[in-house]
Structure formats: structure tokens, C-alpha cells
Amino acid sequence: MTKMKKKNMLMMLITTSVVLLSSCLSTDADDFYNNWYNTANGSTGSSGTVTEASGELSDFEVAIDKTTAEPIEVAKATYPDEADAISTQQFTTTVAIDMANPMEKTENGVTITVADGKHITAEHGKTKGICYVVSGTTTDGSLTISGSADYEVNLNNVNISNSQSTALNLDGKGAAYIVLTGTNKLTDGTEEDHKSALYGKGKMLFSGSGSLEILGQYNNGIQSKSYVLFEKGINVYVNAANHGIKGSDAIINGGIINVETAGLGAKGINCDVDITINGGRTTVIATGDGEWDDTDLETKAASCIKCDSVLTINGGEVYVKATGSGGKGLKADWECYINGGKVRAITTGGLYYNNGTTENLNYKGNTDNIDDAYTSSPKGIKIGTKNEHGILNITGGDIMVRTSGTNGEGIESKGTLDITGGSVMVASYDDAINASSDLTISGGTVVAVGTNNDGIDTNGNLYIKGGNIVAYGANGAEAGIDAEESHALYITGGSLFAIGGRIDCKLGSTSQGLVQASGSIAANSTVSIRDVNRTYATFTMPSYSNSGTILITAEGMSNGSSYTLVCGDASASVTATTSLSNSMGGGPGGGGPGGGRW
């Protein structure tokens, strides 16, 4: 039997399940980005209702905010070692240092020397309990603190500017408890090679009720060879030529943290191991473009928050925006766990291309035959690398991601991706939500819109076990949901509305009926599936008109049962199936239930 005859016979068998939703057709032909959308706000009812939101996804912005109070609701503070908590420390021996009037002296086990009349060094050796109270202004000086014992540095309305090198050098291996009092500022110079404006060999733990501004004009803003930790109550602003905050690890238990970076490939917060965010408000803006790494022979892109191992967000608020070519919002090379809090991520740059000799900051050509090392795509959230399989688990939180540049993807895991709760809303140029391995949704609200590609895309199996999902894919060959050809879609719960040029997957199994249709959906319209007894699910569409293949399923729907599909003022009778195998179709208005590749 020829493909055409097979397709025609299949369509004759399933006409009872197909309805053209012409009354929902939108006449608005504006580009997606000129006609953005309102979408779900995370509230769900017992019938699987996904309600319309205030439109925040369409217009939320990310900007430096030094004045708004930090969030009150936080997760439990954590420490690499519980003994590191500031509440457990006792620093009762005070040593005063006035940067405006440098004086050599020896007191309470501390030796202070002055070089060139402006560069102060304080050495406490093994003496415990030292609290340095640092005040005053110097326009061309520095402070270095050395010692093997832990100590406190109380920055008390101090302003240190060093025209040559590091402003505050915490040279001792002991932990530095940095307490902020009043208004403080550190500025490094550009005459000598150095790592950062504030540099430390040991742990840095920030607390207090004051503010600290750091200008890293030469390289990084804050850098520690150990970890950096921020407590609630502080207000820190970092503007750096390269990385803003760099350490082995970073823990944000609270505070207001603002970071801006502009260097090529620069990271706002960059750690060699883990980053954990439990509270506070963290805002990072990275404007740098990508760059070519002559050592690793690959492209490197700027990122707002990046770690080489595990990123965990338990609470607080996180705002990131990357505007450069290939820029990333949140990036972890191994794993990411989002358990709570509020996350907003924006990327606006295009695809970065560089083969070592030729660079393009917004490459728009076909990348199928280009070595992966030569390109870097913008990503709102990226977990894993081409050499490391990523793990991304979302159990809670309020997450919104928007990407608009060429090849910009919303959320990507290079391995598995699991969503069990929270609200996840993504609008992207390329795939909205993407996994290189299995992708599982078992709870929460998920809205995924890919304006030039798929809504939800996986190279493994797609498991829908619960939650309320709206997935928009582009017209033509793109899909609302897409599972790689050798894998399949498995449904055991939840409510799903998917629309795109096709549904690009085969069905492995389902415990609930599916309704398929082809037609057009108007921006902001409401679609529901019901019978005479109940409404199974209601979906409010984004402000984006779409035509193509539609798939709807909800808990309680059964194979062979008749339902009413309601879109706006129009309704039609449809019959649920449990089969997608050997489906034929594709393109706007084509296809129908029956299965396989669309």
C-alpha cells in the first residue's frame, strides 16, 4: 500500500476524533515578540484548570535593585561546616585601623606596618579572637591582613581605593568574618597584575547591616581561594571587568547581592564546585559576548551564575539577565535542584560562532554540520555539558524564563529533567524546555512556548505523570511536544494541551484517553475538555495564535468516550483514543489521531 493510500485510509478511520477549530482562528498576524502573551500563573484546580496570569512573563525585567528590601521568606541557612556560623564566633579583641591616618603599632598580639605611607599590613599570626575595625578613606592605599587564626574584619564606613592593585587583601589562611557597618567601598587599580579588588586565601563570610560596593577594574570583584558566604541584612554591589564573585563555592543565605560584569565570557558568580541559594535577593547582569578559548579550543560564553558542579536554589529571589552573544542565565556543569524561591531569567543575545579564526556574534546559518566547539547558544537555564550528563530537578518555586536571540533555548538539561512541582513558564526563540535524556513531569504548572522550535523536546522518553501543561511549538515541522524517534510518550496522569505544526512522538502507553485535532487557536482564548458530568481540564492560551496539530489529555478521560471540546464560543464533539502509533500528517491543519511521526 502506498503512503498516500495508507494515509487516506487512516484518516477515514479517525474522522470522529478530528475537529477544525476555525472559530478560534486568530486574524492577528503579528510576530510573536510584538504580540506577547499572558499565560498560566501556577494556580490549578481540581479539574486541572490552568488560569490566565497577569502577563508578567511577557514583560518582566531584570535590573539592579539596591533599595528594595530583601525577601522575608527564606529557606534554612546552611554552612559547609556548622562551626562557621557567625553566631558561634567570638571576636572580642578590637584593633582599630584608620585608612586615612596609617599608623604602625603593636597591640593585643597584632603587628601593623605601613609601606610608602599608605599601604597597611596587619599580622595577627595565631592570635585568636581579633576584630579589626577598619574605617576612613584612602584614595591611593591598601590593607593586607595576615594570620593563620580566624578573625573578624568590621568594615565601618571605609573607602579604600588603590591605583595599583588589590584594595583589601585577606592574605591569611584563617576564615575572614567580614561584618558590614555603614557604607563601604573598595576599588582596585590597573597598574599591576592581580586577581581581584577584594581577595582572600581563606573563607569569606559576610554579615552585618551595612553596604559594600566593589569595583573590580582590572579583573574580578571578589575572589576567594575557599568559599564565600552571605548572610541576611547585608547589601553588596559588585561591578567587575571579569568575574564578579569567584570562589570554590558560594552560599547565599540572605542579603541583597547585585553583580554586573561586561567582560568577554565573564561570569557574574563563578564557582569551582557548588552554589547554594537559600534566601535574599540576588541579581546578576552579564553583558559580555562569547570568546574563543585558545587553550581548550572551544567557544566560551558569559554566564550570570555558573558553577562547575551543583547549583541548588531553596529560597530567596534570583534575577539574571545575559545580553551578550551566547550568554547563559543559570549554568551548572553537573546538577541543579530548584526547590523553592523565585527565579527570573532573560537572555537577549544571539548564537555565538567562532572557529578560532572567524567570529560571528549572531550566527543565523545552519549548525547541523558545525563542530559543537565552534558555537555557543544562549540559554536561560543550562545544566550539564557535552562531556557531562546533567541532572535538573525542579520540585518547587516560581520560575520564568524568556529568550529572544537566535537559537536561544529556555531550559536545557544535557541529561535528565524532572519537574515535580512549582510553576515553570518559558518563552524562547528555540526549544522552550529541552532534555538530552528522559524528561518527566509529575506535578506543578508548566507553560512552554518555542516560537521557532518545539515547546517541550526530549531525546529520551517523555513521561507525563501529573501537573498541568501547556506546550506551544512553531508551525511547520516543529511540535508542541517532541520525543526523539527511538523513544516515546508515556502518560499516567496530568493535564496536557499541546499544539504545533505536528506532534513529533510516538505513544508508548497511556492510562487516560487522548483527543487529537487540527485547527487554529486564537491568542488568549480558553480551551476546555468536558463531558455532561464534568470539566476535565481548562487551559487559557498564551497571547500567541497558532495553527496545527493539537493534543489534549486529562486525568479521568478514557478511551472511546465522547467529549466536548470547547474553544471560545465554539464547541465540537470529539472521541478519545489511546493510540498515536503510525500517525501520519504534518504542517498546519494536517494530521489527526493515530500515531508515529507527524
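Owing to the predicted nature of the structure, the values given are computational and were not obtained by experimental measurement.
- Distance alone, capped at 3.5 Å, places no donor-acceptor pair between the Asn314 side chain and the Asn339 backbone.
- Inter-residue side-chain proximity for Lys203 and Ser224 is flagged as unmet; no heavy-atom pair is nearer than 4.5 Å.
- Here Asn278 contributes atom CG and Thr312 contributes atom OG1; the two are 8.5 Å apart, rounded to the nearest 0.5 Å.
- When all heavy atoms of Ser309 and Ala332 are compared, the closest pair comes out as O-CB, 3.9 Å.
- Counting non-hydrogen atoms of neighbouring residues, nucleotides and ligands closer than 6.0 angstrom, the CD atom of Glu191 exceeds 12 such neighbours.
- A salt bridge does not link Lys382 to Glu409: none of the charged nitrogens lies less than 4.0 Å from a carboxylate oxygen.
- The backbone N or O of Val236 lies less than 3.5 Å from no partner atom in the side chain of Lys66, so there is not a single donor-acceptor pair.
- Partners of Thr67 according to the side-chain hydrogen bond (donor to acceptor under 3.5 Å, both in side chains) rule, which considers only residues two or more places apart in sequence or in another chain, are Asp65.
- Evaluation of the ring-ring contact (aromatic ring centres under 6.0 Å, His included) test over residues 257-283, restricted to residues two or more places apart or in two chains, returns none.
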Note to self: Between Asp296 and Lys300, does the side chain to side chain contact (heavy atoms under 4.5 Å, CB included) criterion hold? Intermediate values first, please.
What the structure shows: CA-CA 9 Å; Asp296 294 337; Lys300 297 291 177 67; 3.0 Å; yes
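- Side-chain N or O atoms of Asn220 include one that pairs as donor or acceptor with a backbone N or O of His243 at under 3.5 Å.
- In plain terms, the two heavy atoms of Leu198 and Phe206 that are nearest each other are CD2-CZ, 3.8 Å.
- For Lys225, the NZ atom is loosely surrounded, since the number of other residues' heavy atoms within 6.0 Å does not exceed 12.
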Notebook entry, point to check: Checking side chain to side chain donor-acceptor pair (under 3.5 Å) for the pair Tyr352/Glu291: CA distance, chi angles, key distance, verdict?
Noted result: CA-CA 8 Å; Tyr352 179 70; Glu291 65 175 346; over 6 Å; no
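- Taking 4.5 Å as the limit, every side-chain heavy atom of Asn407 sits out of range of all side-chain heavy atoms of Thr375.
- Between the side chain of Asn253 and the backbone N or O of Thr78, at least one donor-acceptor pair lies under 3.5 Å.
- Residues Glu152 and Val179 have side chains in contact (heavy-atom distance under 4.5 Å, counting atoms from C-beta outward).
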Next item on the list: Let me see the working for Asp171 and Thr144 under side chain to side chain donor-acceptor pair (under 3.5 Å), right down to the final yes or no.
Entry: CA-CA 6 Å; Asp171 195 46; Thr144 298; over 6 Å; no
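- Atoms CD and SG, from Gln89 and Cys131 in turn, are 12.5 Å apart once rounded to the nearest 0.5 Å.
- You'll find the side chain of Lys328 stays beyond 4.5 Å of the side chain of Lys306, heavy atoms only.
- Judged by distance alone, with hydrogens and angles left aside, the side-chain atoms of Arg281 form no donor-acceptor pair with the main-chain N or O of Pro71 at under 3.5 Å.
- Between Asp193 and Lys195, no side-chain nitrogen of the basic residue sits less than 4.0 Å from a carboxylate oxygen of the acidic one, so the salt-bridge criterion is not met.
- Looking only at distances, a side-chain donor or acceptor of Asn157 sits under 3.5 Å from a matching main-chain atom of Thr183.
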Next item on the list: May I have the step-by-step check of side chain to side chain donor-acceptor pair (under 3.5 Å) for Thr406 and Asn362, ending in yes or no?
Entry: CA-CA 7 Å; Thr406 307; Asn362 189 24; 3.0 Å; yes
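- Residue Asp368 qualifies as enclosed at atom CG: its count of foreign heavy atoms under 6.0 Å is above 12.
- Taking all atoms of both residues into account, the shortest heavy-atom contact from Ala240 to Gly221 is CB-N, 3.6 Å.
- Between Asp150 and Lys128 there is no salt bridge, since no side-chain nitrogen of the basic residue lies less than 4.0 Å from a carboxylate oxygen of the acidic one.
- Residue Thr127 holds its OG1 atom at 5.5 Å from CD1 of Ile130, rounded to the nearest 0.5 Å.
- With rounding to the nearest 0.5 Å, the separation of CG in Leu143 from CD1 in Ile112 is 8.5 Å.
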Checklist line | Steps toward side chain to side chain contact (heavy atoms under 4.5 Å, CB included) verdict (Glu231, Leu205) | finding: CA-CA 8 Å; Glu231 297 281 25; Leu205 302 96; over 6 Å; no
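- Within the 4.5 Å cutoff, the side chain of Thr348 has heavy atoms near those of the Ser404 side chain.
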Item checked: side chain to side chain donor-acceptor pair (under 3.5 Å) assessment of Asp430 paired with Ser428 -> CA-CA 5 Å; Asp430 208 305; Ser428 66; over 6 Å; no
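- Counting heavy atoms from C-beta on, the side chains of Glu61 and Lys321 come closer than 4.5 Å.
- Between Trp292 and Tyr374, the two ring planes are tilted [angle within 30° to 60°].
- The closest side-chain heavy-atom distance from Thr347 to Lys379 is not below 4.5 Å.
- Not a single donor-acceptor pair under 3.5 Å links the side chain of Asp333 to the backbone N or O of Thr385.
- Remark: side-chain polar atoms of Arg344 are paired, donor with acceptor, to backbone N or O of Asp398 under 3.5 angstrom.
- Distance OG1/Thr137 to CG/Asn184: 10.0 Å, rounded to 0.5 Å.
- Across all their heavy atoms, Asp274 and Val310 have their closest contact at OD1-N, 3.0 Å.
- Note that CD1 of Ile251 is 10.0 Å distant from OH of Tyr79, once rounded to the nearest 0.5 Å.
- Here the shortest heavy-atom pairing between Ala301 and Gly326 reads CB-O, 3.0 Å.
- The shortest side-chain heavy-atom distance between Pro378 and Thr403 does not fall under the 4.5 Å cut-off.
- Minimum interatomic distance between Gly117 and Pro102 (heavy atoms only, all atoms of both residues): O-CG, 3.6 Å.
- A donor-acceptor pair is defined here as one N or O able to donate and one able to accept, closer than 3.5 Å; no such pair exists between the side chain of Asn162 and the backbone of Ser142.
- In this structure a side-chain-to-backbone donor-acceptor pair under 3.5 Å is missing from Gln90 to Gly129.
- Listed by first then second residue, pairs satisfying ring-ring contact (aromatic ring centres under 6.0 Å, His included) with a partner in residues 107-146 read His124-Tyr132, His124-Tyr151, not counting sequence neighbours.
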